[in-house]
Number of protein chains: 2
Amino acid sequence: MRRPNGPELDRDRLIAAAFAVLEQEGLDGLSMRRLATQLGVQAPALYWHVDDKAALLGMMARDIYAAAYAACPGSRDWRAWLRQFGGALRAQFAAYRDGARLCALATPAAGADPERQATNIAAPLVALGLDRPAALAFQAVVISYALGWSMFEANGPMHDFLDRMMPFDESFTIGLEAIVGGLALSGADPARAGPALG
Amino acid sequence: MRRPNGPELDRDRLIAAAFAVLEQEGLDGLSMRRLATQLGVQAPALYWHVDDKAALLGMMARDIYAAAYAACPGSRDWRAWLRQFGGALRAQFAAYRDGARLCALATPAAGADPERQATNIAAPLVALGLDRPAALAFQAVVISYALGWSMFEANGPMHDFLDRMMPFDESFTIGLEAIVGGLALSGADPARAGPALG
DNA sequence: ACCTGAACACCGTTCAAGT
DNA sequence: ACCTGAACACCGTTCAAGT
């Protein structure tokens with residue numbers, strides 16, 4: 001009905017609608033049937049554009065990660081970049097309802113090449129002087145931390161409970177600073193392999 | 001049939017059976033109906049012993065956390081304890097299928113008192129010289145990291161993908177060491193609030 | 001090429017009814 | 001007190017059939 005010719009749906013319209021349903025209903029309420037209703041279509045129609053629900057969630061997760069990377073332009077040094085990245089991840093996870101849980105569930109894209117991905121991911125840190133293994137390991141650590149922390153932040157009853165025990169939200173920055181500071185001291189930092197510091 | 005008098009079910013039998021189903025079917029396969037079948041009972045019978053599925057998952061998660069704490073006897077100092085605890089958490093999350101995801105979903109117990117819980121949780125670190133706020137914040141950081149990292153470890157396709165990018169499993173220890181080392185340097189360590197460093 | 005209708009094998013939870 | 005039977009309102013996914 002929208003246009004005389006051309007399809008009603010496409011991948012991008014699907015993903016956009018899925019984010020809308022996610023916001024309104026949460027991840028547990030994001031069903032293929034509800035998504036179809038939101039798009040004015042029957043549920044089986046979705047399977048023409050997407051392999052299955054897992055693939056859809058995977059594409060949504062990639063958008064969230066991509067936004068975090070996009071929020072991290074050039075930094076003075078790798079420590080600053082890592083701090084910025086950790087904060088951007090937390091912000092992105094919080095920007096979408098159940099964003100962290102969505103990203104934790106997500107599966108890598110079907111045709112994704114690990115070699116190529118590793119190069120892309122390492123790039124910003126390699127440009128700031130880290131070697132590739134350190135760049136990848138450090139990022140895995142920061143992502144794990146931000147994801148785990150954001151899971152608790154997004155778990156309503158748990159967050160309330162933790163917040164009555166301590167200033168939970170402030171603990172994120174304490175942890176992030178500690179991680180970045182600790183990584184700088186670790187043997188994995190190539191700057192410490194040289195003659196500079198003991 | 002089991003006994004002429006007395007109930008067929010109780011809370012503990014329920015939880016034990018739930019862990020068995022979790023192992024066989026994974027978290028997505030752990031349904032109230034399957035759990036009932038495993039116990040030789042109809043699904044509605046479970047609701048006599050447990051409020052709902054979320055409460056059941058909460059009790060399972062508490063068992064997992066409790067095992068991690070039990071695996072951390074006295075240590076020389078708070079850094080050693082935190083390292084041990086981080087390792088024990090990872091081990092416990094990995095000891096149960098989807099253990100991390102289960103704990104991330106879990107909600108605090110209905111009647112849980114935050115004040116009392118905070119004291120219990122802080123105790124081992126306070127005994128080693130940390131003040132209470134630091135003890136709670138440091139533990140929140142380590143738990144967040146271990147949980148996030150374990151989510152990736154347990155996500156089959158994601159773990160395979162990451163492992164082709166880097167030695168993913170080794171990154172856990174790198175991160176844990178960095179966190180503990182970084183926390184020791186942070187302003188939150190009361191040992192550094194004295195005359196030592198600026 | 002793109003979508004619908006009908007169906008299959010599931011869910012969590014409620015509630016009257018049985019014992 | 002403790003459990004069953006039947007039901008309600010859902011799921012993801014497949015597949016023949018329509019256009």
Side-chain angles (χ1 to χ4, degrees), chain A residues 1-22 24-61 97-98 101-102 105-107 110 156-157, chain B residues 1-22 24-61 97-98 101-102 105-107 110 156-157:
Chain A
M1 260 218 192
R2 295 256 163 79
R3 283 183 295 163
N5 302 343
E8 197 88 5
L9 263 45
D10 60 29
R11 247 174 156 71
D12 288 344
R13 202 137 47 186
L14 239 157
I15 295 175
F19 273 116
V21 176
L22 180 68
Q24 294 160 19
E25 315 282 354
L27 186 56
D28 294 328
L30 172 51
S31 69
M32 297 301 270
R33 292 169 125 103
R34 250 200 265 253
L35 174 55
T37 301
Q38 170 97 4
L39 287 159
V41 100
Q42 300 300 315
L46 305 178
Y47 289 85
W48 182 263
H49 302 278
V50 110
D51 273 1
D52 51 21
K53 190 179 180 178
L56 176 67
L57 298 183
M59 297 188 297
M60 296 172 76
R97 175 123 83 121
D98 296 323
R101 216 166 102 215
L102 173 59
L105 252 52
T107 251
Chain B
M1 261 219 193
R2 294 258 163 77
R3 284 183 293 164
N5 302 342
E8 196 89 4
L9 263 44
D10 62 27
R11 247 174 155 72
D12 288 344
R13 201 132 53 183
L14 238 157
I15 295 175
F19 273 116
V21 175
L22 180 69
Q24 295 160 20
E25 315 282 353
L27 186 57
D28 294 329
L30 171 52
S31 70
M32 297 300 269
R33 293 171 124 105
R34 250 200 266 252
L35 174 54
T37 301
Q38 169 97 1
L39 287 160
V41 101
Q42 300 300 315
L46 305 178
Y47 290 84
W48 182 265
H49 301 278
V50 109
D51 274 0
D52 52 19
K53 189 179 181 179
L56 176 66
L57 297 183
M59 298 189 296
M60 297 172 74
R97 176 123 82 121
D98 296 322
R101 215 166 101 214
L102 174 58
L105 252 52
T107 251

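Chain letters run A, B, ... following the sequence lines, proteins first and then strands; every chain starts at 1.
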Can you tell me which nucleotide in [options] comes closest to the side chain of [X]?
| X | options | value |
| --- | --- | --- |
| A:D52 | D:dT13, D:dC3, C:dC3 | D:dT13 |
| B:Y47 | D:dT4, D:dT14, C:dT14 | C:dT14 |
| B:P44 | C:dC3, C:dT14, C:dA6 | C:dT14 |

I'd like to check [X] versus [Y] (side-chain heavy atoms, cut-off strictly below 4.5 Å). Are they in contact?
| X | Y | answer |
| --- | --- | --- |
| A:L14 | A:M60 | no |
| A:R13 | A:L39 | yes |
| A:L30 | A:L102 | no |
| A:V50 | A:M32 | yes |

Mind calculating the distance between [atom1] ([X]) and [atom2] ([N]) to the nearest angstrom?
| X | N | atom1 | atom2 | result |
| --- | --- | --- | --- | --- |
| B:K53 | C:dC11 | NZ | P | 9 Å |
| A:L46 | C:dT4 | CG | C1' | 12 Å |
| B:D10 | D:dA1 | CG | P | 17 Å |
| A:Q42 | D:dC11 | CD | C1' | 15 Å |
| A:L57 | D:dG12 | CG | P | 10 Å |
| A:M32 | D:dT13 | CE | P | 6 Å |
| A:W48 | C:dC3 | CH2 | P | 9 Å |
| A:L56 | D:dG12 | CG | C1' | 12 Å |

Exercise. Within less than 4.0 Å of OP1 or OP2 of C:dT13, is there a side-chain N or O belonging to B:R33?
Worked result: no
For this session: Could you check which nucleotide pairs with D:dT13 in any of the strands shown, counting Watson-Crick or G-U wobble with both distances under 3.5 Å?
Result: C:dA7
Problem set entry | Comparing A:H49 and B:G29 on DNA chain C - which has the more 5′ nearest nucleotide | A:H49
Exercise. Salt bridge check: are B:D28 and B:R97 linked by an N-O gap of less than 4.0 Å?
Worked result: no
Problem set entry | Whole-Å C1' distance, C:dA17 and D:dC2 | 13 Å
